[in-house]
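These notes concern the structure reproduced below.
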Amino acid sequence: MRMNKIKQQKLSIQENLVNAGDKTTTSQSSLKDDEEDVQADGPSSEPSKKKKKKSKSKKKKEPLEQTNPPSIPVHELFPSGEYPEGEIQQYKDDNLWRLTSEEKRELERLEKPMYNAVRQAAEVHRQVRKYMRSIIKPGMLMMDLCETLENMVRKLIKENGLQAGIAFPTGCSLNWVAAHWTPNSGDKTVLQYDDVMKLDFGTHMDGHIVDCAFTVAFNPMFNPLLEASREATNTGIKESGIDVRLCDVGAAIQEVMESYEVEINGKVFQVKSIRNLNGHSIGPYQIHAGKSVPIVKGGEQTKMEEGEFYAIETFASTGKGYVREDLECSHYMKNFDVGHIPLRLPRAKQLLGTINKHFSTLAFCRRYLDRIGETKYLMALKNLCDAGIVQPYPPLCDVKGSYVSQFEHTILLRPTCKEVISRGDDY
C-alpha cells in the first residue's frame with residue numbers, strides 16, 4: 001500500500017511538470033505573437049523598455065521652430081550644421097561646361113566650410129528682415145527700429161566678438177537720402193506714412209559678409225519706384241558671371257531702371273539710376289573689396305572672376321540721379337590697408353584700440369561706440385579721421401524733395417554656378 005501511494009505521488013508530480021511546461025510554451029509563444037502590442041500600463045518587460053526609449057529619442061530629435069519674435073539662435077535650428085543654399089543660377093552659354101566639370105566640383109567641395117558660414121549669415125538676415133517687415137509701420141521711432149533689428153541679429157547669429165555678428169550699421173535712409181544714414185544717440189526721427197525708407201543691414205560669420213537691402217514704402221504711389229530698383233537689381237544679378245565685364249552689368253541695369261516712370265502727387269517722374277553709386281566686390285572683413293559694379297553704362301572694363309563675392313545693389317531716383325555728402329555723419333570704418341601711423345593724443349590711441357578690438361575693419365557707427373561704453377570720443381574720432389586711419393562715411397543725398405529706392409543682394413560666383421546667397425521668399 002505504501003509503495004502504491006509513493007508511485008501515485010510521483011505520477012502526479014510528473015503530470016504537473018508536463019502541464020507547467022505546456023503553459024510555459026503557450027505563454028512564450030503568445031509573447032512572441034504579441035511582442036509589438038506592448039501596453040503602456042502593463043507590467044514592465046524588456047521589449048516595452050526598448051520601445052519607450054526609442055520614442056523618447058524621437059522626441060528629442062524633433063526640429064526646433066523659430067519663435068515670434070525670433071529669439072532662437074539659427075545654429076540651434078540647424079543642428080546638422082548645414083544651412084540652406086541661396087538661389088542657384090546657371091552661367092551663360094560659354095560657361096555652362098562648369099556645371100559638369102569634376103575639377104570645378106572638387107573646388108567647391110574644398111570651399112564648403114566657407115560657403116556654409118556665409119549661408120548661416122544669410123539665414124540670419126532672412127529671419128530678421130522677415131520679422132522687421134511684419135512690424136515696421138508709420139509712427140515708429142527710427143532709433144527703436146534700428147535697435148530692435150540689431151539686437152535680433154546679435155541674438156540669432158550668437159554674436160561672438162569678431163567671429164560672428166553685425167557687419168555694418170543699419171542704414172535706414174529716408175526719401176532723398178540714398179545711403180549711410182542711421183540715427184545717432186538722441187535722434188528723435190519718426191517714420192512717416194509718406195516716407196521711402198531703404199533698410200540696408202549686414203551680417204557676417206568669420207568675416208564673410210552678407211550685404212542685403214530692401215525698401216519700405218507704405219503709400220502705394222511709390223510702388224513703381226520700388227519695382228524699378230528691384231527689377232534692376234535682379235537684372236544685374238542675372239547679367240553677372242565669371243569673365244563678365246563690369247561695364248556690361250551697369251549698362252543692363254540702367255536700361256531696365258530707366259524704363260520705369262512714377263507719378264507722385266500728380267507729377268510724372270522718369271526714374272533714374274544714381275550714376276555715382278555702385279555695387280561692389282566683398283572680401284573677408286572688407287565690405288568694399290576693390291571692384292565697383294556700376295548701375296549706368298560706361299565704367300570699368302574689368303571682369304568678374306571665379307570665387308568672388310559681389311553686392312549687386314541699385315538705386316532708383318526721382319531726383320538728379322547724383323548724390324553728394326550731407327547731414328550729420330554716423331558711419332565710420334577703419335581703412336583696410338592702413339599701416340602704423342603715430343598718434344599724439346592718448347585718447348585717440350585708446351579709441352583706436354577699442355575700434356581694433358570690437359570692429360577691426362568692419363564699419364561701425366557712433367551708437368555702437370556708445371553701446372560699448374565709450375564717452376566723449378568725438379575729438380579723438382576726428383583725430384583718427386584726420387590721420388587717415390578711420391574713414392568717415394556721411395549720408396549720401398540726392399536733391400531735397402526727391403525719392404530714392406534701393407534693393408540689394410549678395411552673390412557668389414562659384415566655380416560651377418552663381419549663388420544668390422541672400423535670396424529669400426520676399427525678394
Side-chain angles (χ1 to χ4, degrees), residues 129 132-134 136-140 142 145 170-182 189-201 211-239 249-279 293-297 311-324 326-327 395-409 420 422-427:
R129 76 187 190 228
M132 293 306 299
R133 285 164 79 89
S134 74
I136 293 172
K137 58 185 177 183
M140 286 187 78
M142 300 298 281
L145 187 155
T170 303
C172 49
S173 308
L174 298 173
N175 305 325
W176 63 89
V177 183
H180 296 171
W181 186 86
T182 198
T189 304
V190 172
L191 186 61
Q192 306 293 329
Y193 175 75
D194 284 326
D195 282 339
V196 176
M197 178 181 67
K198 283 70 65 182
L199 198 58
D200 187 351
F201 70 99
D211 185 1
C212 186
F214 60 97
T215 299
V216 174
F218 307 104
N219 192 329
M221 74 178 174
F222 294 114
N223 287 351
L225 182 67
L226 272 62
E227 188 180 345
S229 54
R230 183 170 55 244
E231 288 309 307
T233 296
N234 286 334
T235 297
I237 292 167
K238 184 180 176 183
E239 294 300 316
V249 178
I253 286 171
Q254 184 177 20
E255 183 179 356
V256 171
M257 182 82 81
E258 298 187 353
S259 68
Y260 283 83
E261 57 183 30
V262 55
E263 184 177 339
I264 299 174
N265 297 324
K267 187 176 179 180
V268 176
F269 295 87
Q270 173 71 52
V271 176
K272 298 174 184 174
S273 281
I274 296 182
R275 61 185 181 274
N276 60 334
L277 287 178
N278 308 285
V293 185
I295 60 174
V296 292
K297 62 185 177 182
I312 305 296
E313 58 182 323
T314 68
F315 296 85
S317 177
T318 64
K320 288 186 175 180
Y322 187 87
V323 293
R324 69 203 184 284
D326 196 9
L327 307 177
L396 299 171
C397 307
D398 204 328
V399 291
K400 191 171 182 178
S402 64
Y403 295 93
V404 176
S405 72
Q406 172 203 15
F407 278 85
E408 177 180 22
H409 275 299
V420 189
S422 53
R423 181 74 81 193
D425 295 334
D426 47 358
Y427 64 94

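Excluded from the calculations below are hydrogen atoms, water molecules and symmetry mates; all remaining heavy atoms, backbone and side chain alike, are included.
- No side-chain heavy atom of D426 sits under 4.5 Å from any side-chain heavy atom of F214.
- Distance CG/L396 to OH/Y322: 10.5 Å, rounded to 0.5 Å.
- The backbone N or O of T314 sits nowhere less than 3.5 Å from a side-chain atom of S229 that would complete a donor-acceptor pair.
- How far CD1 of I136 is from CZ of R129: 12.0 Å, rounded to the nearest 0.5 Å.
- For the pair D200 and D211, the minimum side-chain heavy-atom distance is below 4.5 Å.
- By the 4.5 Å heavy-atom criterion applied to side chains, T215 and L225 are not counted as neighbours.
- Here S405 contributes atom OG and M257 contributes atom CE; the two are 6.5 Å apart, rounded to the nearest 0.5 Å.
- Nearest heavy-atom pair across V399 and G319 is CG2-CA, 3.9 Å.
- Using a 4.5 Å cut-off on side-chain heavy atoms (C-beta onward), L174 and M142 make contact.
- The CG atom of L277 sits 8.0 Å away from atom NE2 of H180, with the distance rounded to the nearest 0.5 Å.
- For R275 against K320, the heavy-atom pair with the smallest separation is NH1-O, 3.5 Å.
- The shortest heavy-atom contact between A252 and T235 is O-CG2, 3.7 Å.
- Here the side chains of N265 and M221 are in contact, with some heavy-atom distance below 4.5 Å.
- Both the sub-6.0 Å distance and the 45° axial angle are not jointly satisfied by R133 relative to the ring of Y427.
- The shortest distance between side-chain heavy atoms of Y193 and N219 falls below 4.5 Å.
- Between L327 and C397 the shortest heavy-atom distance is CD1-SG, 4.1 Å.
- With hydrogens and angles ignored, the 3.5 Å screen pairs a side-chain donor or acceptor of K198 with a backbone N or O of V177.
- Looking only at distances, no side-chain donor or acceptor of N175 sits under 3.5 Å from a matching main-chain atom of Y403.
- For G236 against I253, the heavy-atom pair with the smallest separation is CA-CG1, 3.7 Å.
- Side chain of D398 to main chain of G321: a donor-acceptor pair is present (N/O by atom type, distance under 3.5 Å, no hydrogens or angles).
- In this structure, CG on L145 lies 6.5 Å from SG on C172, to the nearest 0.5 angstrom.
- Remark: N234 pairs with R230, E231, I237, R423 by the side-chain contact (heavy atoms from CB on, under 4.5 Å) rule, at least two apart or across chains.
- Put simply, the side chain of R324 does not reach to within 4.5 Å of the side chain of N276, judged on heavy atoms.
- Of the possible donor and acceptor atoms, one in the side chain of T182 sits under 3.5 Å from a partner among the backbone N and O of T170.
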side-chain contact (heavy atoms from CB on, under 4.5 Å) assessment of I312 paired with H409: CA-CA 6 Å; I312 305 296; H409 275 299; 5.6 Å; no
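- The ring pair (Phe, Tyr, Trp, His ring centres under 6.0 Å) search around F269 returns none, not counting sequence neighbours.
- With a 4.5 Å cut-off on side-chain heavy atoms, S273 and E258 count as touching.
- Considering CZ of F222 and CE of M197, their distance stands at 13.0 Å, rounded to 0.5 Å.
- Across all non-hydrogen atoms, the minimal contact from G401 to W176 is N-CE3, 3.3 Å.
- For E227, the side chain to side chain donor-acceptor pair (under 3.5 Å) partners are Y260, not counting sequence neighbours.
- When the shell of 6.0 Å around CD of E255 is examined, it contains 12 or fewer heavy atoms from other residues, nucleotides or ligands.
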